[in-house]
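In what follows, a single structure is set out as structure tokens and then discussed.
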2 protein chains.
Amino acid sequence: MIDAIDNQLLDILKNNSRLSFADLGRTINLSPSSVRERVQKMEDLGVIQKYGIQIDNRKLGYDLEAFILLKVFPGQLANILKIIKDFPEIKEAHRITGNQNIHLKVVVKNQTALQELLDRLMIHGDTNTFLILSEI
Amino acid sequence: MIDAIDNQLLDILKNNSRLSFADLGRTINLSPSSVRERVQKMEDLGVIQKYGIQIDNRKLGYDLEAFILLKVFPGQLANILKIIKDFPEIKEAHRITGNQNIHLKVVVKNQTALQELLDRLMIHGDTNTFLILSEI
DNA sequence: GGTGAAAACACTCACAT
DNA sequence: ATGTGAGTGTTTTCACC
């Protein structure tokens, strides 16, 4: 269903999703309409979920990024799952296996903001925080 | 340097980076050229690092996603930093604070592939793996 | 699955406000 | 900083292979 050409398109779009169908077609030797059809097929299948951007949060004054593992208190899980979307600092959230149940990626302005976030999370579970030093 | 209108643009682009400058302008009542200028300014400043796509890896036959915390063996850190880009399974890698030094997000086809990846990582450090159950 | 053609639309630049 | 206009390129649809 997804062939080698589709994978080529995905590879290109991963690094620049704003290329025109014409440009995509030029790099893989295909007409704009064929490219369009393939991309639309992948959108319809849900293979391509979303076109997004990568933002440098530090350039926007958000100088602290961290991963937080959360071991939710008994009976608090359903509650947490509901309110997680109300935290603008939480950019990604995943259910995970292991001793902890939830993995968060958070972006905040500074240590004070991180502390306030942790204070609010601590109500629902034990937290384990890893500051992000750099991307590799 | 980044004003409220820029932030509006970023918010829209986060969820659909393929919108035309004309469409962006229509939703925030600005001419296409002004939108273009603002977006280009943010690209030049490095605020917008990249236009990308979100892919549903499970729909591509990659059924297992995991976070791996790596406690690198003494003297192995420089080595690991060099070879991490040679692992196609590793989609994200960060240096972190704490007892472990590196945080990885990996995508693999199945348990066998995960095991093989862990075998290769174990040479350089102790691993701690959390399978991803779902996004929240 | 892929192409080609035509109308509608968007992009880009210089110039004006 | 934002808007306008003219020229160029792109998207979209559809009939065809």
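A, B, ... follow the sequence lines: proteins, then strands. Residue 1 opens every chain. Just so you know, these numbers come straight off a predicted model, no measurement behind them. Only heavy atoms go into these numbers, but all of them, side chains included; no hydrogens, no water, no symmetry mates.
Partners of Asp6(A) under the side-chain hydrogen bond (donor to acceptor under 3.5 Å, both in side chains) rule, at least two apart in sequence or in another chain, are Arg38(A), Lys41(A).
Other residues, nucleotides and ligands contribute at most 12 non-hydrogen atoms within 6.0 Å of the CD atom of Gln111(A).
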**Complete:** With B for base contact, S for sugar-phosphate-only contact and - for none (protein heavy atoms under 4.0 Å), nucleotides 1-6 of chain D reads SBBB--

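Salt bridge annotation for Glu65(A)-Lys91(A): absent, with no cationic side-chain nitrogen under 4.0 angstrom from a carboxylate oxygen.
The side chain to side chain donor-acceptor pair (under 3.5 Å) test with Glu89(A) is passed by exactly one of Arg120(A), Lys105(A), Lys109(A): Arg120(A).
With hydrogens and angles left out, the side-chain atoms of Gln76(B) and Asn79(B) include a donor and acceptor closer than 3.5 Å. No side-chain donor-acceptor contact under 3.5 Å links Asn101(B) and Lys71(B).
The stretch residues 11-22 of chain B comes close to DNA chain C through Ser20(B), Phe21(B), Ala22(B), each having a heavy atom under 4.0 Å from the strand.
DNA chain D is contacted by both Gln40(A) and Arg26(A); Arg26(A) maps to the nucleotide lying nearer its 5′ end (nearest heavy atom per residue).
Direction change of the helix axis from one end of the helix from dT3(C)-dA15(D) to dT17(C)-dA1(D) to the other is 30°, with five pairs defining each end axis (rounded to 10°).
Pairs passing the ring-ring contact (aromatic ring centres under 6.0 Å, His included) check and including a residue from residues 99-124 of chain A, sequence neighbours excluded, read Phe67(A)-His103(A), His103(A)-Phe67(B), His103(A)-His103(B).
A nucleotide of DNA chain C counts as in contact with chain A when one of its atoms lies under 4.0 Å from a heavy atom; the first and last such, 5' to 3', are dG1(C) to dG4(C).
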